[in-house]
There are 2 protein chains.
Amino acid sequence: MKDRIDLFLLDDHKIVRDGLRSILSPYPSLKIVGEESHAKKFLSALPELKFDILILDLSLPDLSGMEVLKEVKRLRPEISVIVLSMHNNPEYMIRALKAGAAAYHSKDIQSTVLVESIHEVKKHGVYYPTAISLNSPSLPQDPVQKGEVLTQKERDVLKLMVIGMSSKQIAAEYGLSPRTIETHRLNIMKKLGTSNSAETIAVAIRENLL
Amino acid sequence: MKDRIDLFLLDDHKIVRDGLRSILSPYPSLKIVGEESHAKKFLSALPELKFDILILDLSLPDLSGMEVLKEVKRLRPEISVIVLSMHNNPEYMIRALKAGAAAYHSKDIQSTVLVESIHEVKKHGVYYPTAISLNSPSLPQDPVQKGEVLTQKERDVLKLMVIGMSSKQIAAEYGLSPRTIETHRLNIMKKLGTSNSAETIAVAIRENLL
DNA sequence: CGCTCTTTCAGTAAAACTACTTAGTCGATG
DNA sequence: CATCGACTAAGTAGTTTTACTGAAAGAGCG
């Protein structure tokens with residue numbers, strides 16, 4: 001497995017691109033393998049491009065960053081997209097994350113945080129800074145809102161799921177009905193907004209819910 | 001007996017290594033005599049290296065930290081290994097301690113605790129901070145003999161599994177038959193020794209296979 | 001007490017996964 | 001050229017999960 005992370009920059013401001021280069025230059029494992037200022041050019045070249053993570057400015061001249069994001073995730077789902085934005089608006093953030101962004105940063109991000117998030121994204125596919133105000137008041141009820149906390153029982157079930165136990169086995173472990181465990185599972189998925197146990201475990205580990 | 005303690009850092013994150021350097025720099029008796037980001041490079045260099053304690057990140061890009069740990073204890077049993085981990089899960093801790101780790105810390109450890117544990121390890125060979133529930137239920141008896149590495153396609157499938165896609169969806173994404181994806185899935189589970197997708201994702205994240 | 005939340009369990013049905021086996025193609029290796 | 005591993009695909013069969021709904025007992029709370 002290669003240890004290098006190949007990055008592609010898409011941002012209309014050369015200043016930003018150069019800034020990113022200098023920020024990332026001290027990190028040998030991070031390599032900027034290309035950059036582009038026009039979204040359409042980028043998208044048409046996308047099939048030929050080889051990189052791991054796209055660093056994407058949300059505000060672009062010719063296409064909206066959101067459209068680029070969706071297009072990238074449609075064509076090359078294996079590519080992770082880290083979104084940079086002028087806006088701190090959680091509304092944008094949620095939309096970006098829903099559209100498949102692996103991370104969302106405002107442009108005044110600390111460089112170390114950016115670097116960390118790149119590694120995190122490479123490792124786990126996503127980077128959700130816990131601090132980022134998911135509990136901010138303006139947020140509507142949203143599946144992305146993982147601020148909901150699991151109950152004790154749900155965490156118990158999760159812990160046994162992680163080591164590969166089926167509902168039936170977990171039920172036996174606790175002396176409960178398998179149907180009960182299944183209910184817990186479904187409730188966990190509902191709370192985390194996940195659609196199966198694989199994703200659930202991924203989110204649980206990422207969010208440190210174990 | 002020399003009063004200096006020679007440390008070697010093995011961690012893929014330069015940030016972590018740099019952080020450790022700055023944490024440990026105020027202590028004249030602690031000397032970092034080397035660092036490495038790649039497990040394989042480290043292991044091949046190991047016979048020439050002289051140090052007392054290895055500070056080891058459990059999640060490494062090319063080899064799992066557990067494998068490194070076992071290898072170090074096999075080749076150089078006199079070296080103490082202090083494990084750093086992202087995970088607070090006692091299961092990992094127990095596995096690490098069973099494999100010969102002298103101490104186990106999560107990465108958000110207090111620096112003073114780390115320093116203390118280094119001295120403790122040097123003096124007594126081990127550092128067991130808290131009461132560890134060794135009676136924790138059903139530790140799988142170390143099926144971790146997975147020197148086998150996943151293929152590119154298998155990793156691709158894994159990555160989409162992590163974001164909650166079913167075999168059918170993954171197949172559609174790649175233009176393949178669902179049966180093919182299922183085959184990949186089963187091969188992954190076979191290689192990792194897991195019994196369902198939840199456990200598979202857990203191991204994959206833990207072992208840094210994504 | 002009424003209210004909410006947690007925990008418990010079940011019916012029903014569809015969808016997905018797991019297990020084990022066989023097998024063809026293709027590219028690389030020796 | 002033969003072999004091997006990776007990738008593809010499918011047969012068959014059993015198991016598990018997911019989805020949606022309903023519901024009852026118990027704990028905690030104002």
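No experiment lies behind these values; they were computed from the predicted model shown. Each chain gets a letter, A, B and so on, in the order its sequence line appears, and its residues count up from 1.
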Legend entry - More than 12 heavy atoms of other groups within 6.0 Å of B:Lys73 NZ: yes
Legend entry - Interatomic distance, B:Asp156 CG vs D:dA6 P [rounded to whole Å]: 14 Å
Legend entry - Distance in angstrom units between B:Asn187 CG and D:dA9 P, rounded: 14 Å
Legend entry - First encountered from the 5' end of DNA chain C, between A:Lys153 and B:Thr183: A:Lys153
Legend entry - C:dC9 OP1/OP2 closer than 4.0 Å to side-chain N/O of A:Thr180: yes
Inset, instruction - Between B:Asn196 and B:His184, name the one whose nearest nucleotide on DNA chain D is closer to the 5' end. - result: B:His184
Legend entry - Distance, rounded to the nearest Å, where A:Leu150 contributes CG and C:dT6 contributes P: 10 Å
Inset, instruction - Look at the side chain of A:Arg185 against the base of C:dT7 and say whether a donor-acceptor pair falls under 3.5 Å; ignore hydrogens and angles. - result: no
Legend entry - Side-chain donor or acceptor of A:Asp6 paired with backbone N/O of A:Asp52 under 3.5 Å: no
Legend entry - Residue among A:Ile188, A:Asn187, A:Thr180, A:Leu176 satisfying side-chain contact (heavy atoms from CB on, under 4.5 Å) with A:Lys153: A:Leu176
Inset, instruction - Mind calculating the distance between CD1 (A:Ile170) and C1' (C:dT8) to the nearest angstrom? - result: 16 Å
Inset, instruction - Test for a donor-acceptor pair under 3.5 Å between the base of D:dT12 and the side chain of B:Arg179, counting only N and O atoms. - result: yes
Legend entry - Phosphate-side-chain proximity, A:Thr151 and C:dT7, N/O vs OP1/OP2 below 4.0 Å: yes
Inset, instruction - Write down the distance between CD1 (A:Ile181) and P (C:dC9), rounded to a whole number of angstrom. - result: 8 Å
Inset, instruction - Rounded off to whole Å, could you give me the CD-to-P distance for the B:Gln152 and D:dT8 pair? - result: 11 Å
Legend entry - Value in whole Å for how far the P atom of D:dA19 lies from NZ of A:Lys190: 10 Å
Inset, instruction - For the pair B:Ser197 (side chain) and B:Thr200 (backbone), establish whether a donor and an acceptor sit closer than 3.5 Å, ignoring hydrogens and angles. - result: no
Legend entry - Phosphate contact (C:dA10 OP1 or OP2) by A:Ser177 side-chain N/O below 4.0 Å: yes
Inset, instruction - Please check the phosphate of D:dT16 (OP1 and OP2 only) for any side-chain N or O of A:Lys168 closer than 4.0 Å. - result: yes
Inset, instruction - Check the distance between D:dT8's P and B:Glu182's CD and give it to me in whole angstrom. - result: 14 Å
Inset, instruction - Choose from C:dT8, D:dT17, C:dC17 the nucleotide whose nearest atom is closest to any side-chain atom of A:Leu176. - result: C:dT8
Inset, instruction - Would you give the length of the straight line joining atom CE of B:Met161 to atom NZ of B:Lys159, rounded to the nearest 0.5 angstrom? - result: 14.0 Å
Legend entry - Nearest-nucleotide 5' precedence on DNA chain D, A:Ala198 against B:Glu154: B:Glu154
